[in-house]
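Let me begin by presenting the structure, written as structure tokens, before commenting on it.
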Amino acid sequence: MSTHAADPLAALAALPGVPDAVDSVRKAVDRVYGHRVMRRRSNEISSEAALRGARASAALSGADWALEEVRRRTDFGGDPEARTVGAALRLGVEVGQLLSIWRQSPLRVLARLHLVAAGDTADSVGRPRKAGEAVDEPLIEAPLPDAAEVAARLDGLAELVVAGTSAPALVTAAVVHGELLALRPFTTYSGLVARSAERLVLIGSGLDPKAICPAEVGHAELGRAAYVAAFDGYLSGTPQGMAQWIAHCGRAVELGVRESTAVCEALQRGAA
């Protein structure tokens, strides 16, 4: 992601198809925020969205558990799948605590997210990977940037976030998500962190202030193959590829909205 332009994210927002994706997402979010249940029970919707988003993000990282299993379990310290689900759940809780820090110190937030996901104090936790360190990241098989490139591109991403942008929240969230997925900056759980950072941007931007539109649900529903194919567009760096990725992220948000709308309907019927 080049940072040479004054506001490169705003330039992406003008790509063919992106304004339509942005408009569609905004309308979908406005509809769910206008649901009558949101007036009285928004905290319940937020909690359920965090749970469902965590389940979906873990599924994309290879731990595809049923929602009720995630809801029922209390021990996530066993096999690798259980640890992945536990990491996703912890991130779902942590994101809301980091909103005030993100715009001033995004790298500090990313380090914190990895620390929370890993849940231990190993030397590799909470910092970008060093040269020669192995990377465990299910699903993403793209070439791995070396440690020096990771450090430089993380700095560039942080500069974009701190500088601010006139671009819509969807565009910023998609770029943050895509760049972290491309870099895989940590030895573990980079995918979980990337999707959490996407959600953090959507919440912190004001598009989804109550955290009720879990994009992770949409990413999982669209499927791992479609996720990887859209991400390949991001990796290409071409205008068409970038627009494809942003539109994919937009569809994911809309599906997250649909999920929370269903929760609202269930609460309204007294069935949840």
Side-chain angles (χ1 to χ4, degrees), residues 25 46 49-65 67 70 81 83-99 102 106 109-119 135-140 142 154 157 161 169-186 188-205 207-208 211-235 245-257 259-260:
V25 165
S46 297
L51 179 71
R52 294 179 184 220
R55 189 219 72 81
S57 191
L60 286 167
S61 286
D64 192 359
W65 288 15
L67 180 63
V70 176
E81 282 198 9
R83 290 196 295 273
T84 295
V85 174
L89 288 168
R90 291 191 297 274
L91 286 171
V93 173
E94 189 70 14
V95 161
Q97 315 302 315
L98 300 172
L99 294 171
W102 172 252
V109 169
L110 294 174
R112 174 63 185 171
L113 289 173
H114 186 244
L115 185 68
V116 168
V135 173
D136 177 17
E137 185 51 53
L139 182 62
I140 303 303
L154 281 176
L157 183 64
V161 172
L170 172 64
V171 174
T172 305
V175 168
V176 168
H177 181 174
E179 190 70 355
L180 293 174
L181 212 56
L183 296 179
R184 280 144 290 162
F186 305 109
T188 56
Y189 300 128
S190 288
L192 294 181
V193 170
R195 291 184 288 276
S196 294
E198 177 187 44
R199 191 166 189 202
L200 192 157
V201 172
L202 294 171
I203 298 167
S205 67
L207 177 67
D208 180 24
I212 62 167
C213 306
E216 307 97 318
V217 169
H219 287 302
E221 186 171 334
L222 289 165
R224 297 175 79 181
Y227 185 68
V228 171
F231 174 60
D232 284 343
Y234 180 88
L235 287 177
W245 172 247
I246 294 167
H248 183 88
C249 290
R251 288 192 295 274
V253 175
E254 290 186 64
L255 289 170
V257 167
E259 185 88 353
S260 286

**OP:** Let me see the working for R251 and L222 under side-chain contact (heavy atoms from CB on, under 4.5 Å), right down to the final yes or no.
**Re:** CA-CA 8 Å; R251 288 192 295 274; L222 289 165; 4.1 Å; yes
**OP:** Could you walk me through whether R195 and S61 pass side-chain contact (heavy atoms from CB on, under 4.5 Å), step by step?
**Re:** CA-CA 11 Å; R195 291 184 288 276; S61 286; 2.8 Å; yes
Subject >> side-chain contact (heavy atoms from CB on, under 4.5 Å) assessment of V176 paired with E198 >> reply: CA-CA 6 Å; V176 168; E198 177 187 44; 5.9 Å; no
**OP:** Apply side-chain contact (heavy atoms from CB on, under 4.5 Å) to the pair V257 and I212, showing each step before the final yes or no.
**Re:** CA-CA 7 Å; V257 167; I212 62 167; over 6 Å; no
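The heavy-atom pair separating D64 from A59 by the smallest distance is OD1-CB, 3.6 Å. Across G62 and E81, no two heavy atoms sit closer than the pair O-OE2, 3.4 Å. Between A87 and L192, the closest heavy-atom pair is CB-CD1, 3.7 Å. The shortest non-hydrogen separation linking E221 to L255 is OE2-CD2, 3.8 Å. The shortest non-hydrogen separation linking A182 to L235 is CB-CD2, 3.6 Å. Taking all atoms of both residues into account, the shortest heavy-atom contact from A117 to L91 is CB-CD1, 3.9 Å.
The closest side-chain heavy-atom distance from L139 to F231 is not below 4.5 Å. No side-chain heavy atom of V201 sits less than 4.5 Å from a side-chain heavy atom of L207. Inter-residue side-chain proximity for P214 and S260 is flagged as met; some heavy-atom pair is nearer than 4.5 Å. Considering only heavy atoms from C-beta on, P106 stays 4.5 Å or farther from L157 through its side chain. A 4.5 Å side-chain heavy-atom check between Y234 and E179 finds at least one atom pair inside the cut-off. Residues E254 and C213 form no side-chain contact, since every pair of their non-hydrogen atoms from C-beta on lies 4.5 Å or further apart. Contact annotation: the side chain of L67 approaches that of R52 to within less than 4.5 Å [non-hydrogen atoms, C-beta and beyond]. A 4.5 Å side-chain heavy-atom check between V93 and L89 finds every atom pair outside the cut-off.
The distance from atom NE2 of H219 to atom OG of S57, rounded to the nearest 0.5 Å, is 9.0 Å. Summarising the geometry, atom CZ belonging to R55 is positioned 8.5 Å from atom CG belonging to L60; distances are rounded to the nearest 0.5 Å. Here the CG atom belonging to L113 is positioned 8.0 Å from the CH2 atom belonging to W102, to the nearest 0.5 angstrom. In this structure, CG on L110 lies 5.5 Å from CZ on F186, to the nearest 0.5 angstrom. Expressed to the nearest 0.5 Å, how far CG of L181 lies from CD1 of I140 amounts to 4.0 Å.
The aromatic rings of H248 and Y227 sit tilted relative to each other, their planes meeting at an angle between 30° and 60°. Note: H114 and Y189 have tilted aromatic rings, judged against thresholds of 30 and 60 degrees for the angle between ring planes.
Salt bridge annotation for D208-R199: absent, with no cationic side-chain nitrogen under 4.0 angstrom from a carboxylate oxygen.
Under the 3.5 Å distance criterion, the side-chain polar atoms of E137 are matched with a main-chain donor or acceptor of G191. Distance alone, capped at 3.5 Å, places no donor-acceptor pair between the R184 side chain and the S190 backbone.
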